[in-house]
> 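Here it is: the structure, laid out below.
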Amino acid sequence: MTNFVEELRWRGMLHDIMPNTEEKLNEGMTSGYIGFDPTADSLHVGHLTQIMTLIHFQNAGHKPFALVGGATGMVGDPSGKSDERNLQTPEMIEHNLKGMKKQLAKFLKFEEGGNGAVMVNNADWFKDMNLFTFIRDVGKHITVNYMMAKDSVKRRLEGDSGLSFTEFCYQLIQGYDFYHLWKNENCLVQMGGSDQWGNIVTGTELIRRKDAGTAYAITTQLIKKADGTKFGKTESGAVWLDPEKTSPYKFYQFWLNASDDDVKKWIRIFTLKNKEEIEALEKEHDAAPHLRILQKALAEDITIKTHSVEALETAIKTSEFLFGNGSLEFLKSLSEKQVLEMFEGIPQFNISKSELGAGIDAASLLAEKAAVFPSKGEAKKTIQGGGVSVNKEKVAEMAQVFNADHLINDKFIVVQKGKKNYFLLIAE
């Protein structure tokens, strides 16, 4: 057994903790849970803090339960939200649950007995419960005054959108989740982000009032970026754990692009490196910040954990190709889908494969067939200055001819203007 709370504390993850929780956990193996609502068929990096919390919990010798909200996902949690979420159909939720289960199994050890992780779905205990049973067995134990005092409720009542009765009931539903797991699985601790504190303590209060029992609560810090922008969001949207939604290369780049202020916090939260390892890396980083030692260590660790060693290698080679002296052979080894993912967000132009078969001079290709340059004159000027490469080779003169033999995987031509401006020509 190791001290789980102390682990969260030195990593800068701990936010709130109920009195006597740390002492209870230090007595021996304890069961605890975190809930995940199936709002999509993939988790995203915003969920990683809670996933890491469960990993630390299990590594400390405790038994983690991952609750997927087949029932609560149909309602919507008002905590931290300014508007009501769209309600989902049972079919959508079932689809989302399958994706989440597959991802959680990559991070936690799901095995029989001991402190093997367990996955539960609250739809299993809510599906046969009717309204009258719920308001009799749950509602009567928690007063409206108690529910109204919660920050998540007060904020919504003071806002423009108000709070529906559906969302108002959410804390009772989550509270009953805790009661059910406490009663049937001996789950003594619920964990979550700091915005979940109100819902979690409603559970401990229900356990106390309904069965005179004792339960405990821990919340972690909500992750914020130093520049004030939202963690886990990029210009193209959320950073997903599913490689079909966010390619391993883009996932790797998200962490690699962390600021120095952010990475010193994130490497503690999102890796399992110990204090001595992190402090040694920080010392190296501070001696040569331009080498981005911390960013690379974080990006490599979390990409392997989320995807695989092979995915990391592809991400690194992709970075080398785009920002260094990567090999054209690497590009030839990728599938069409991987090439398109790699060049997502980079200007792309469709060109005629039949016209290319007859041969097209560089100036016509780059100024007429594809708008890499606004005019042939501009193309000529840059080519003469040695500023244009096609498939990683400098274009010697504007009359140089390109044909179908230059297609990578019989589909693509990669144009580079200067060091960092890429264009993808797609032959069709």
> How close do Asp177 and Trp125 get, counting heavy atoms only, and between which atoms?
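Minimum heavy-atom separation between Asp177 and Trp125: OD1-NE1, 3.0 Å.
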> Could you tell me which non-hydrogen atom of Asn59 sits nearest to which non-hydrogen atom of Thr2, and how far apart they are?
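Smallest heavy-atom distance, with atoms named: O-OG1, 4.2 Å.
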> Using 0.5 Å steps for rounding, measure from the CE atom of Met398 to the NZ atom of Lys381.
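If I round to the nearest 0.5 Å, the distance is 14.0 Å.
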> Check each of Ile426, Leu425, Leu365 against Phe349 using the side-chain contact (heavy atoms from CB on, under 4.5 Å) test, and report the only one that passes.
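Single side-chain contact (heavy atoms from CB on, under 4.5 Å) partner of Phe349 among Ile426, Leu425, Leu365: Leu425.
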> Once ring pair (Phe, Tyr, Trp, His ring centres under 6.0 Å) is applied, do any residues pair with Phe402, and if so which ones, sequence neighbours excluded?
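Per chain and number, Phe402 pairs via ring pair (Phe, Tyr, Trp, His ring centres under 6.0 Å) with His406.
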> For atom CD of Glu277, decide whether the heavy atoms of other residues, nucleotides or ligands shown that lie under 6.0 angstrom number more than 12.
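Atom CD in Glu277 is crowded, with more than 12 foreign heavy atoms closer than 6.0 Å.
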> Check the surroundings of atom NZ in Lys273: do more than 12 heavy atoms from other residues, nucleotides or ligands lie under 6.0 Å from it?
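For Lys273, atom NZ is crowded (more than 12 foreign heavy atoms under 6.0 Å).
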> Run the side chain to side chain donor-acceptor pair (under 3.5 Å) test against Lys275 and tell me which residues pass, sequence neighbours left out.
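Partners of Lys275 under the side chain to side chain donor-acceptor pair (under 3.5 Å) test: none.
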> How are the rings of Phe168 and Phe165 set relative to one another: parallel (under 30°), tilted (30 to 60°) or perpendicular (over 60°)?
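Correct class here is tilted.
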> Report, one line per pair, each donor and acceptor closer than 3.5 Å where one atom sits in a side chain of residues 311-322; sequence neighbours left out.
residue, atom, partner, partner atom, Å
Thr314, OG1, Glu310, O, 3.2
Thr318, OG1, Thr314, O, 2.7
Ser319, OG, Gln253, NE2, 2.8
Ser319, OG, Ala315, O, 3.0

> Who are the ring pair (Phe, Tyr, Trp, His ring centres under 6.0 Å) partners of Tyr249, not counting sequence neighbours?
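Testing Tyr249 for ring pair (Phe, Tyr, Trp, His ring centres under 6.0 Å), a comparison that skips the adjacent residues, returns none.
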> With a 6.0 Å cut-off (strictly less than), is the heavy-atom count around NZ of Lys392, excluding the residue itself, greater than 12?
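Enclosed: over 12 neighbouring heavy atoms sit under 6.0 Å from NZ of Lys392.
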> Which is it for Glu279 and Lys283 under the salt bridge (Lys or Arg N to Asp or Glu O under 4.0 Å) test, yes or no, and what are the steps along the way?
CA-CA 6 Å; Glu279 287 174 351; Lys283 196 172 179 182; over 6 Å; no
> Restricting to non-hydrogen atoms, name the atom on Gly70 and the atom on Leu97 that form the minimum distance, rounded to 0.1 Å.
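Heavy atoms only, the tightest pair is CA-CD1, 4.1 Å.
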> To the nearest 0.5 Å, what is the distance between CG on Asn122 and CG on Leu67?
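That separation rounds to 5.0 Å.
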> Return the orientation label for the Tyr176 and Phe126 ring planes: parallel under 30°, perpendicular over 60°, tilted otherwise.
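Geometry flag for Phe126 against Tyr176: tilted rings.
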> Work out which heavy atom in Ile200 is nearest to a heavy atom in Ala217; give both atom names and the distance.
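Residues Ile200 and Ala217, closest heavy atoms: CG2-CB, 3.4 Å.
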> Find the distance between CG (Leu48) and CD1 (Ile55) and round it off to the nearest 0.5 Å.
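So the CG of Leu48 and the CD1 of Ile55 are separated by 8.5 Å.
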> Can you tell me which residue among Leu407, Leu331, Ile408 is in a side-chain contact (heavy atoms from CB on, under 4.5 Å) with Asn391?
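Running side-chain contact (heavy atoms from CB on, under 4.5 Å) over Leu407, Leu331, Ile408 with Asn391 returns exactly one hit, Ile408.
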> Determine, step by step, whether Gln103 and Asp242 satisfy the side-chain hydrogen bond (donor to acceptor under 3.5 Å, both in side chains) criterion, reporting the C-alpha distance in whole Å, the side-chain angles of both residues, the deciding distance to 0.1 Å, and the verdict.
CA-CA 8 Å; Gln103 288 174 346; Asp242 183 347; 4.9 Å; no
> Excluding sequence neighbours, so at least two apart, what forms side chain to side chain donor-acceptor pair (under 3.5 Å) with Lys369?
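In terms of side chain to side chain donor-acceptor pair (under 3.5 Å), with neighbours along the sequence ignored, Lys369 is linked to Glu355.
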> Using the rule salt bridge (charged side-chain N to carboxylate O under 4.0 Å, His left out), only one of Lys102, Lys101, Lys245 pairs with Asp41; which is it?
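Testing each of Lys102, Lys101, Lys245 against Asp41, the sole residue satisfying salt bridge (charged side-chain N to carboxylate O under 4.0 Å, His left out) is Lys245.
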> Nearest 0.5 Å, please: how far is CG in Asp16 from OG1 in Thr219?
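CG of Asp16 is found 4.0 Å from OG1 of Thr219.
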> If you measure from CG on Asp37 to NE2 on His47, what distance do you get to the nearest 0.5 Å?
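One gets 8.0 Å once the value is rounded to the nearest 0.5 Å.
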> Would you please classify the geometry between the Phe251 ring and the Trp255 ring as parallel, tilted or perpendicular, with 30° and 60° separating the classes?
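Answer is perpendicular, since the angle exceeds 60°.
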> Looking at Glu300 and Lys296, is there a salt bridge between them, counting it only when a charged N and a carboxylate O are closer than 4.0 Å?
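Between Glu300 and Lys296 there is no salt bridge, as every charged N stays at least 4.0 Å from the carboxylate O atoms.
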> Mark yes or no: Lys417 above the aromatic ring of Phe423, with NZ or CZ under 6.0 Å from the six-membered ring centre and no more than 45 degrees from the axis.
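Not satisfied by the 6.0 Å and 45° rule.
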> Where do Gln190 and Gln174 land on the side-chain hydrogen bond (donor to acceptor under 3.5 Å, both in side chains) test, with the steps shown first?
CA-CA 11 Å; Gln190 184 182 169; Gln174 187 171 325; 2.9 Å; yes
> Show which side-chain atoms of residues 105-120 pair as donor or acceptor with protein atoms under 3.5 Å away, not counting sequence neighbours.
residue, atom, partner, partner atom, Å
Lys106, NZ, Thr306, O, 3.0
Asn115, ND2, Gln58, O, 2.9
Asn115, ND2, His62, O, 3.1

> At their closest point, which heavy atom of Val45 faces which heavy atom of Leu241, and how far apart are they?
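So the two residues come closest at N-CD2, 4.0 Å.
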> Rounded to the nearest 0.5 Å, what separation is found between the CD1 atom of Ile269 and the NZ atom of Lys264?
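Ile269 atom CD1 to Lys264 atom NZ measures 14.5 Å (nearest 0.5 Å).
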